[in-house]
Amino acid sequence: MTDLSMTPTVKNDTPLLTVEHLTMRFGGLVAVNDVSFTARNSEITAIIGPNGAGKTTLFNCITGFYSPTVGRMTLRHPDGKEFLLERMPGYRISQQASVARTFQNIRLFGGMSVLENLMVAQHNKLIKASGFSIAGLLGLPSYTNVERESVELAKYWLDRVRLLEFADWEAGNLPYGAQRRLEIARAMCTEPVMLCLDEPAAGLNPRESADLAEILTFIRDDHKTGVLLIEHDMSVVMTISDHVVVLDYGRKISDGDPHFVKNDPAVIRAYLGEEEGEELPPEIAADLPEVAKRAEEGA
Ligand SMILES: Nc1ncnc2c1ncn2[C@@H]1O[C@H](COP(=O)(O)OP(=O)(O)O)[C@@H](O)[C@H]1O
Ligand SMILES: [Mg+2]
């Protein structure tokens, strides 16, 4: 369980990702404005903020979909290898820097089976083992070994996300929540050092959100993978995150452990300032009277 006490728990001193002064402009609009933060190995770092705050844009910069206007993003692998992400195209960020991501909207191969989706994710490893030749594909032992390992890895993750019995189903026929879990399994089959998830709990019921939280803590604790999580569901964020970064209008307005962030008057103001109809996250709403009083008193 995440420690919710006032003292931030530092589990690992090695930064996995260091983002420095990241700015992304679209014409006159500054979607991400001078944002700096650090994400660590074996930690879940949540990026939260109202709609349009710049969360997805930040992910798109980290994963190479966009080239940031200004800023540095350094990824350090546990073996010490460093990658300057702002200089790398997206495919190298996934293949060489080992950063995997899921999207705000599900992007599975709907017509392929569940297992095939996980094999496609391991395509690079399989092609390499084939020696880039037909001979390889026709059954060289090195290829068949890698293929067997790939199936084993796929089955391992299907089991973890409770989809093993659906391995032969067409991915597009799975219920929505199961597709969300399959996306995470697919990302983990690439054996990433950092997993980036864009609103994985969107559209899930409370039971499915709890399952998701369990999968993410397993990924952190048993695989020591750093998780970067954009999420609106505050019950998920506040329970499993080690570290929360809050964006509003492209700027970072708060950064700390969940307890610190949910009591930060700047965060409360940002959520209160949302358009009518936007719901205040319950965890924040619960503490609101006390926090509003402190904000008034200028604490
Ligand atoms: N490709 C783009 N071109 C122009 N504006 C964009 C683009 N992507 C995002 N934006 C704008 O940047 C701002 C931040 O968007 P986004 O990162 O999607 O926010 P969030 O994910 O926090 O809801 C919004 O005002 C959005 O309209
Ligand atoms: Mg978004």
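The model shown is predicted, which means the values in this text are computed figures rather than measured ones. Just follow the structure's listing: the first ligand is 1, and inside any ligand the first atom is 1.
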Taking atom types as modelled and ignoring hydrogens, do the side chains of [X] and [Y] form a donor-acceptor contact shorter than 3.5 angstrom?
X    : Y    : answer
R160 : Y156 : no
T56  : D198 : yes
R101 : T63  : yes

| remark: Note: L29, heavy atoms under 4.0 Å from ligand 1, region reported as side chain

| request: Would you please test F65 and F103 for ring-ring contact (aromatic ring centres under 6.0 Å, His included) and show each step? | output: CA-CA 12 Å; F65 273 60; F103 293 85; 5.5 Å; yes

Per-atom contacts of ligand 1 with [X], taking only distances under 4.0 Å to non-hydrogen atoms:
X   : value
N51 : 23 (O)
A31 : 12 (O), 13 (C)
A53 : 19 (O), 20 (P), 22 (O)

| said: Any N/O/S atom from T56 (main chain or side chain) under 2.8 Å of the Mg ion (ligand 2)? | reply: yes

Protein heavy atom at shortest distance from [atom]:
atom                    : value
atom 18 (O) of ligand 1 : T56 CB, 3.8 Å
atom 16 (P) of ligand 1 : T57 OG1, 3.6 Å
atom 19 (O) of ligand 1 : G54 N, 3.3 Å
atom 24 (C) of ligand 1 : G52 O, 4.0 Å

| Minimum non-hydrogen distance to atom 3 (N) of ligand 1, winning option of F59, F26, F65 | F26

| For Y66 and ligand 1, does the shortest N/O to N/O distance drop below 3.5 Å? | yes

| Hey, does the side chain of E82 reach the backbone of L75 with a donor-acceptor pair shorter than 3.5 angstrom? | no

| Is there a donor-acceptor pair under 3.5 Å between the side chain of R186 and the backbone N or O of L118? | no

| request: Please work out whether the ring planes of H223 and W157 are parallel, tilted or perpendicular, with thresholds of 30° and 60°. | output: tilted

| If you measure from OG1 on T45 to CG on L17, what distance do you get to the nearest 0.5 Å? | 8.5 Å

| Distance flag for atom 27 (O) of ligand 1, protein heavy atom under 4.0 Å | no

